[in-house]
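Notes to accompany the following structure.
Values reported hereafter were calculated over all heavy atoms of this structure, with side chains retained and with hydrogens, waters and symmetry mates removed. Numbers here are sequence positions counted from 1.
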Amino acid sequence: FRNNLKNKIYQRFIDTNYFIAVGRLTKQKNFSYLIFEFKKFLKENSNYKLLIFGEGEEKNMLSKIVYSNNLKNNVYLMGHSNNVYLYKKHAKALILSSLWEDPGFVLIEAAFSNLFIISSNCKNGPQEILSNGKGGLLFNNNEQNALSEKIKVFSKLSSSEKKEMKIKTKKNCKKYS
């Protein structure tokens, strides 16, 4: 029953445009900022979804933000998943909104999963892993409109530009493996 339910949930998103975020629902991951910035992006791109994977002490607060901002059809708190890779396979990009990382294993996993990365420029990882923005898009953390503008930039990149950036990050991440 459990696998059947998970498969139904996965099938629900397979033909949609979605971004993913992965991590504990804590202050460090800064998901409230991500949700508010994604809402701005949705004003011009209402067909996109955001899937946030993780559990943590901020779950209730984030759920309230989603519902009070009428985002329940675009932002999903997916909870814990043993197989985020299924979702990574069809995601447009991973978005990392963290205030800090140590060193950012979710970025390394995303790179090895051939997933484009949009990340905050927090300390310990993103700038090094994304070659100062040549291997993915970096934004100034907690800055109004910074993330929503980078998502717009991403949506306008050609597939060859995205591929080139992903290859650069993947090569760069080999030293972390």
query = Are Leu94 and Phe19 side-chain neighbours, meaning at least one heavy-atom pair lies under 4.5 Å?
reply = no

query = Is the shortest distance from a Lys or Arg side-chain nitrogen in Lys152 or Glu44 to a carboxylate oxygen in the other one below 4.0 Å?
reply = yes

task = Please report the shortest heavy-atom distance between Phe31 and Ser97, naming the atom on each side.
result = CD2-OG, 3.9 Å

inquiry  = Under a plain distance cut-off of 3.5 Å, with no hydrogens placed, do Asn17 and Lys49 share a side-chain donor-acceptor pair?
reply    = no

request  = Search all heavy atoms of Asn140 against all heavy atoms of Ala146 and return the closest pair with its distance.
outcome  = O-CB, 3.5 Å

ask   = With a 4.5 Å limit on heavy-atom distance, are the side chains of Lys88 and Glu109 in contact?
value = yes

Donor-acceptor under 3.5 Å (Ser98 side chain, Glu101 main chain) = no

task = For Asn121 and Leu138, work out which heavy atoms get closest and say how close.
result = CA-CD2, 4.3 Å

message = Can you see whether Lys72 engages Asn70 through a side-chain donor-acceptor pair at a distance of less than 3.5 angstrom?
response = yes

query = How about Tyr48 and Tyr18: are their ring centroids closer than 6.0 Å?
reply = no

message = To check you understand the geometry: which heavy-atom pair defines the closest contact between Phe38 and Leu50, and what is its length?
response = CE2-CB, 3.6 Å

ask   = At their closest point, which heavy atom of Lys150 faces which heavy atom of Phe139, and how far apart are they?
value = CG-CB, 3.6 Å

Check: Ser148 main-chain N/O paired with Glu37 side-chain donor or acceptor under 3.5 Å = yes

ask   = Could you state the interatomic distance from CG (Leu137) to OG (Ser119), rounded to the nearest 0.5 Å?
value = 10.0 Å

query = Any chance NZ of Lys92 has more than 12 other-residue heavy atoms, nucleotides or ligands included, within less than 6.0 Å?
reply = no

task = Measure the shortest side-chain to side-chain distance between Leu25 and Ile52 over non-hydrogen atoms and say whether it is less than 4.5 angstrom.
result = yes

inquiry  = Taking Phe13's backbone N and O only, do any of them form a donor-acceptor pair with Thr16's side chain (distance below 3.5 Å, no angle check)?
reply    = yes

key: Expected output: side-chain Thr169 to main-chain Gly135 donor-acceptor under 3.5 Å   = yes

query = Any donor and acceptor pair, going by atom type alone, linking the side chain of Tyr76 with main-chain N or O of Asn73 inside 3.5 Å?
reply = yes

ask   = Okay, side chain of Ser81, backbone of Asn83: is any donor-acceptor separation there less than 3.5 Å?
value = yes

task = Inspect the contact between Glu55 and Lys59 and indicate whether a charged nitrogen and a carboxylate oxygen are less than 4.0 angstrom apart.
result = yes

remark   = With Ile35 as partner, the option from Asn74, Asn69, Ile65, Asn30 fulfilling side chain to side chain contact (heavy atoms under 4.5 Å, CB included) is Ile65

Nearest heavy atoms of Trp100 and Gln28, plus distance in Å = O-NE2, 2.8 Å

